[in-house]
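One is the number of the first residue; the rest follow in order along the sequence.
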Amino acid sequence: ESAYETLEEDEGAWLRIVDRGRKVEIHEVYGWITGRIVFFLTNLQVTRRPVWLTRHGESAWNVLGRIGGDSLLSPQGREYAQNLARYVRSQFGPSSDLDVWTSTLRRTRETAAPLGIEPGPWKALDEIHAGVCDGLTYAQIERNMPEEFAARRRDKFHYRYPRGESYQDVVQRVDRVLIELERYRTPVLVIAAISHR
């Protein structure tokens, strides 16, 4: 309260949520991304519980610099999975209410395996679908498809791989996971494969 400053209408775009959603005021919010932020914030359920987000352990294809695919973990990735399990157990103990969500890809499920908790797989948490570029390295794409390589470099967020997805597509499919995450009351560990450089 000592730091709160009242928002005036001439201050541009803002969102005010009073008493955890009892009253919501939205002022001059336009555009797709800001609209999604408003949607997310107005669906928040304020609870005290941790939500942990992690990428899967290093995969065999990560080692080779290949994008996409459904490869298993590398030795270093398996070590990461063991370390993650030890850390999670140190925070929650052997029995807990922890829910584990993974993508449908083997590398995320293999990362979750040492936890001994059956994960809930979500297709929406899969890595961006690289279409015809799946399994290639960036050097191969640059050499064999220079126009595609250049188009992605110009606008990474909107660029859609041929017969694949764009990051904008990924944002839309992850949207429902975020809303579902807000409905949960128990701690959640999310092991996803959506990271992509």
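Asp169 places none of its side-chain heavy atoms less than 4.5 Å from the side chain of Tyr167. Side-chain atoms of Thr137 and Leu64, non-hydrogen and from C-beta on, never get closer than 4.5 Å to each other. A 4.5 Å side-chain heavy-atom check between Leu98 and Thr186 finds every atom pair outside the cut-off. By the 4.5 Å heavy-atom criterion applied to side chains, Tyr159 and Arg154 are not counted as neighbours. A heavy-atom distance below 4.5 Å is found between the side chains of Leu84 and Thr54. Looking only at side-chain heavy atoms (C-beta outward), Val188 and Val100 stay at 4.5 Å or farther from each other. Between Leu189 and Val88, some side-chain heavy-atom pair lies under the 4.5 Å cut-off.
Tyr87 OH to Tyr80 OH: the interatomic distance, rounded to the nearest 0.5 Å, is 11.0 Å. A distance of 11.0 Å separates CZ in Arg55 from OG1 in Thr108, rounded to the nearest 0.5 Å. Atom CD of Glu127 sits about 7.5 Å away from atom CD1 of Ile67, to the nearest 0.5 Å. Atom CG of Asp70 and atom CG of Leu105 lie 5.0 Å apart (nearest 0.5 Å). Distance CD1/Ile128 to OG/Ser166: 6.0 Å, rounded to 0.5 Å. To the nearest 0.5 Å, the span separating CZ on Arg106 from CG on Leu73 amounts to 10.0 Å.
Listed by chain and number, the residues in a side chain to side chain donor-acceptor pair (under 3.5 Å) with Asp134 amount to none (sequence neighbours excluded). With sequence neighbours excluded, the residues forming a side-chain contact (heavy atoms from CB on, under 4.5 Å) with Glu142 are Phe149, listed by chain and number. Applying the side-chain contact (heavy atoms from CB on, under 4.5 Å) criterion to Asn144, with sequence neighbours excluded, gives Gln140. For Val51, the side-chain contact (heavy atoms from CB on, under 4.5 Å) partners at least two apart in sequence or on another chain are Arg49, Leu53, Leu181. Take Glu79 and apply the side-chain contact (heavy atoms from CB on, under 4.5 Å) test, not counting sequence neighbours, and it matches Asn83.
Taking every heavy atom of both residues into account, Trp61 and Ser71 meet most closely at N-OG, 3.3 Å. Considering every non-hydrogen atom in both Arg107 and Gly68, the closest pair reads NH1-O, 3.7 Å. Considering all non-hydrogen atoms of both residues, Glu110 and Ala81 come closest at O-CB, 4.1 Å. For the residue pair Val63 and Ser74, the shortest heavy atom distance occurs at CG2-CB, 3.8 Å. Across Arg109 and Thr104, no two heavy atoms sit closer than the pair NH1-O, 2.6 Å.
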Only distances under 3.5 Å count here; give the side-chain donor-acceptor pairs of residues 112-125 to other protein atoms, sequence neighbours excluded, each with its distance to 0.1 Å.
from, atom 1, to, atom 2, distance (Å)
Lys123, NZ, Asp126, OD2, 3.2

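With salt bridges taken as basic N to acidic carboxylate O contacts below 4.0 Å, one links Arg173 and Glu165.
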Item to check | side chain to side chain contact (heavy atoms under 4.5 Å, CB included) evaluation trace for Trp52 with Gln91 | outcome: CA-CA 12 Å; Trp52 294 346; Gln91 298 300 305; 3.5 Å; yes
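Between the Arg163 side chain and the Gly131 main chain, no donor and acceptor come within less than 3.5 Å of each other.
A side-chain N or O of Tyr161 and one of Arg152 form a donor-acceptor pair less than 3.5 Å apart.
Counting heavy-atom neighbours within 6.0 Å of Gln76 CD, excluding the residue itself, gives a total of 12 or less. Heavy-atom contacts from other residues, nucleotides or ligands closer than 6.0 Å to CZ of Arg143 number more than 12.
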